[in-house]
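What follows is a set of notes on a single structure, which appears directly below.
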There are 2 protein chains.
Amino acid sequence: MARLKTHDEALRLRLINRAAATVFDRGTAALSLRQLAADVKTSTSAVYSLFGNKAGLLASLYQEAARLFVARLAAVSSTGDPANDVIRLGVAYREYALANPHLYAILFLESAAQFESTEEGQRQIVEMYQPLVDAVRRGQRAGQFTTELDPEVVALSCWAAAHGLVSLELTGNQPPGLPIGESYERTLHALVRGWRGAGPAGQP
Amino acid sequence: MARLKTHDEALRLRLINRAAATVFDRGTAALSLRQLAADVKTSTSAVYSLFGNKAGLLASLYQEAARLFVARLAAVSSTGDPANDVIRLGVAYREYALANPHLYAILFLESAAQFESTEEGQRQIVEMYQPLVDAVRRGQRAGQFTTELDPEVVALSCWAAAHGLVSLELTGNQPPGLPIGESYERTLHALVRGWRGAGPAGQP
DNA sequence: AAGGCAATCAAAACACTGTTACGGTTGCCC
DNA sequence: GGGCAACCGTAACAGTGTTTTGATTGCCTT
């Protein structure tokens with residue numbers, strides 16, 4: 001098993017950085033513990049001492065990816081137009097995903113209920129959602145969104161729209177001849193417009 | 001390499017069915033060619049003769065999953081209310097995904113630009129999109145959607161919203177305490193409402 | 001109709017993978 | 001300083017996908 005917090009913090013960092021680099025441009029399936037250990041001039045048992053196993057290493061990468069992601073969203077300043085803030089958060093979401101496709105994949109695609117089900121993972125998810133939920137709440141106060149629903153519900157739908165478009169784009173499941181970049185902001189605008197008024201009933 | 005269309009079509013079917021069953025309830029990572037061959041009372045080289053390699057086998061599973069998916073969507077009849085047809089297509093989409101999570105994963109999650117980039121894969125994608133595009137086009141004619149955009153764009157946004165919610169649900173990335181099932185139809189309704197009128201400019 | 005030939009499947013070897021058991025060295029604490 | 005636990009290098013284990021080898025088989029041509 002793993003004993004975590006004694007000696008070589010430096011080795012731990014080197015392993016994490018090298019692993020992140022490999023995953024960053026070749027994916028988690030291409031990450032070999034043997035190769036990783038050789039790259040950092042150590043041996044596989046170091047990985048097992050520090051992270052327990054490969055899943056533990058990937059969990060650490062998950063946390064690192066989440067940290068960067070939260071920072072990216074936090075860098076989106078809030079203006080006096082909350083509805084537009086939601087759009088801008090969505091744009092930042094896509095920018096992060098396109099800039100770090102493999103880290104994004106760790107966060108949202110190949111997680112398969114491994115890290116998120118832990119208490120720490122749940123906390124990370126809530127932290128990632130927070131800026132969007134806040135923007136929606138401000139938008140409700142400003143009369144830009146319906147107040148018949150919890151802000152979390154509206155935020156989830158915006159999150160899912162952004163995630164859906166980005167993930168179709170990254171996995172190559174977009175229909176040919178339809179560049180997603182051109183539809184992206186338009187879709188977010190349409191969704192925001194749809195949440196402007198009206199609950200389950202149909203009138204705007 | 002593989003020579004495809006000679007002898008044992010029966011063996012090919014047994015392999016596909018068994019592989020589909022395993023992937024269906026344990027995922028592609030848990031699919032071992034050795035175990036698969038043993039289950040069907042043959043040897044690994046049969047797999048290589050028939051499918052080339054594991055990727056080829058998974059490509060065949062992709063086509064099978066796509067076939068089932070297209071059939072599921074085609075089973076959604078079109079009514080006189082196209083906007084509502086879009087919602088019902090979205091519901092069918094989620095039903096398929098929840099009933100066959102691993103096949104859905106093959107189609108949209110772990111594809112990583114393997115099968116979709118082929119010509120056959122592109123054709124499959126277009127075929128899957130078709131019912132939704134048709135419904136949107138009917139909705140445009142009925143005045144339920146803006147006519148300032150191609151129906152493909154509106155359809156893509158609805159597709160992405162459904163895909164986003166379902167994929168967050170399946171991978172466990174939903175924020176705690178927010179069952180997606182309750183927000184699902186509401187989100188689709190909001191999006192349809194948002195596409196009712198107005199192009200890039202903001203007025204409804 | 002019989003022989004030759006290419007294709008198909010079985011068995012085993014190869015090059016990997018993650019993981020675990022074993023030892024020696026190292027650093028800390030009493 | 002000495003005892004002791006922890007860390008990490010080496011090597012073995014179990015499993016994977018793939019390739020090679022070889023034998024059987026079924027079809028096709030002469």
Side-chain angles (χ1 to χ4, degrees), chain A residues 1-23 25-62 102 105-106 110-115, chain B residues 1-23 25-62 102 105-106 110-115:
Chain A
M1 281 301 162
R3 210 72 219 113
L4 290 189
K5 44 176 30 172
T6 354
H7 256 105
D8 248 331
E9 189 67 17
L11 180 58
R12 183 188 148 88
L13 280 182
R14 275 193 298 156
L15 282 171
I16 283 254
N17 287 336
R18 191 75 189 81
T22 309
V23 168
D25 56 48
R26 292 195 293 144
T28 70
L31 176 69
S32 155
L33 296 191
R34 289 175 141 94
Q35 188 63 47
L36 171 64
D39 288 348
V40 184
K41 256 79 176 178
T42 180
S43 192
T44 63
S45 24
V47 178
Y48 286 86
S49 295
L50 290 170
F51 302 98
N53 52 19
K54 186 176 182 177
L57 174 62
L58 291 180
S60 293
L61 286 184
Y62 178 91
H102 289 293
I106 288 186
E110 55 192 52
S111 37
Q114 292 190 310
F115 323 120
Chain B
M1 279 302 163
R3 211 71 221 115
L4 290 188
K5 45 177 24 175
T6 354
H7 256 106
D8 246 331
E9 189 67 19
L11 179 58
R12 182 188 149 89
L13 280 182
R14 276 192 298 155
L15 282 170
I16 284 254
N17 286 336
R18 191 73 189 83
T22 310
V23 168
D25 55 51
R26 292 195 292 144
T28 72
L31 176 69
S32 155
L33 296 191
R34 289 176 143 92
Q35 188 62 48
L36 171 64
D39 288 349
V40 183
K41 256 79 176 177
T42 179
S43 191
T44 63
S45 26
V47 178
Y48 286 86
S49 295
L50 291 171
F51 302 98
N53 52 20
K54 186 175 182 178
L57 174 62
L58 292 181
S60 293
L61 286 184
Y62 177 92
H102 289 293
I106 287 187
E110 55 192 54
S111 39
Q114 292 191 309
F115 323 121

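Each chain gets a letter, A, B and so on, in the order the sequences are listed, and its residues count up from 1. This is a predicted model, so every value here is computed, not measured.
- One can place CD of Gln35(B) at 12 Å from C1' of dT16(D), the figure rounded to the nearest angstrom.
- We find that CG of Leu36(B) is positioned 14 Å from C1' of dT16(D), with the value rounded to whole Å.
- Regarding contacts with the backbone of dA6(D), every side-chain N or O of Ser49(A) stays at 4.0 angstrom or more from both OP1 and OP2.
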Step-by-step side-chain contact (heavy atoms from CB on, under 4.5 Å) determination, Thr28(B) to His102(B): CA-CA 8 Å; Thr28(B) 72; His102(B) 289 293; over 6 Å; no

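- Thr44(A) has no side-chain polar atom (N or O) that falls below the 4.0 Å cut-off from OP1 or OP2 of dT19(C).
- In this structure, Leu58(B) places its CG atom 10 Å from P of dT18(D), rounding to the nearest Å.
- Among the atoms of the strands shown, base atoms are found under 4.0 Å from some heavy atom of Ser45(B).
- Of the side-chain N and O atoms in Thr42(B), one or more sit less than 4.0 angstrom from OP1 or OP2 of dA10(C).
- In this structure, Leu33(A) places its CG atom 14 Å from P of dG9(D), rounding to the nearest Å.
- Separating the CG atom of Leu11(B) from the C1' atom of dC9(C) is a distance of 9 Å, rounded to the nearest angstrom.
- Backbone-only engagement by Leu31(A) is indicated by non-hydrogen atom pairs under 4.0 Å involving sugar-phosphate atoms exclusively.
- Per the geometry, CG belonging to Asn53(B) stands 19 Å off P belonging to dA15(C), to the nearest Å.
- Considering only side-chain N and O atoms, Ser43(B) lies nowhere under 4.0 angstrom from the phosphate OP1 or OP2 of dC9(C).
- Side-chain atoms of Arg34(B) and base atoms of dG15(D) include no donor and acceptor less than 3.5 Å apart.
- Note: NZ (Lys54(A)) to P (dA14(D)) measures 21 Å, nearest angstrom.
- In this structure, the CD atom of Glu9(A) is 17 Å from the P atom of dG27(C), given to the nearest Å.
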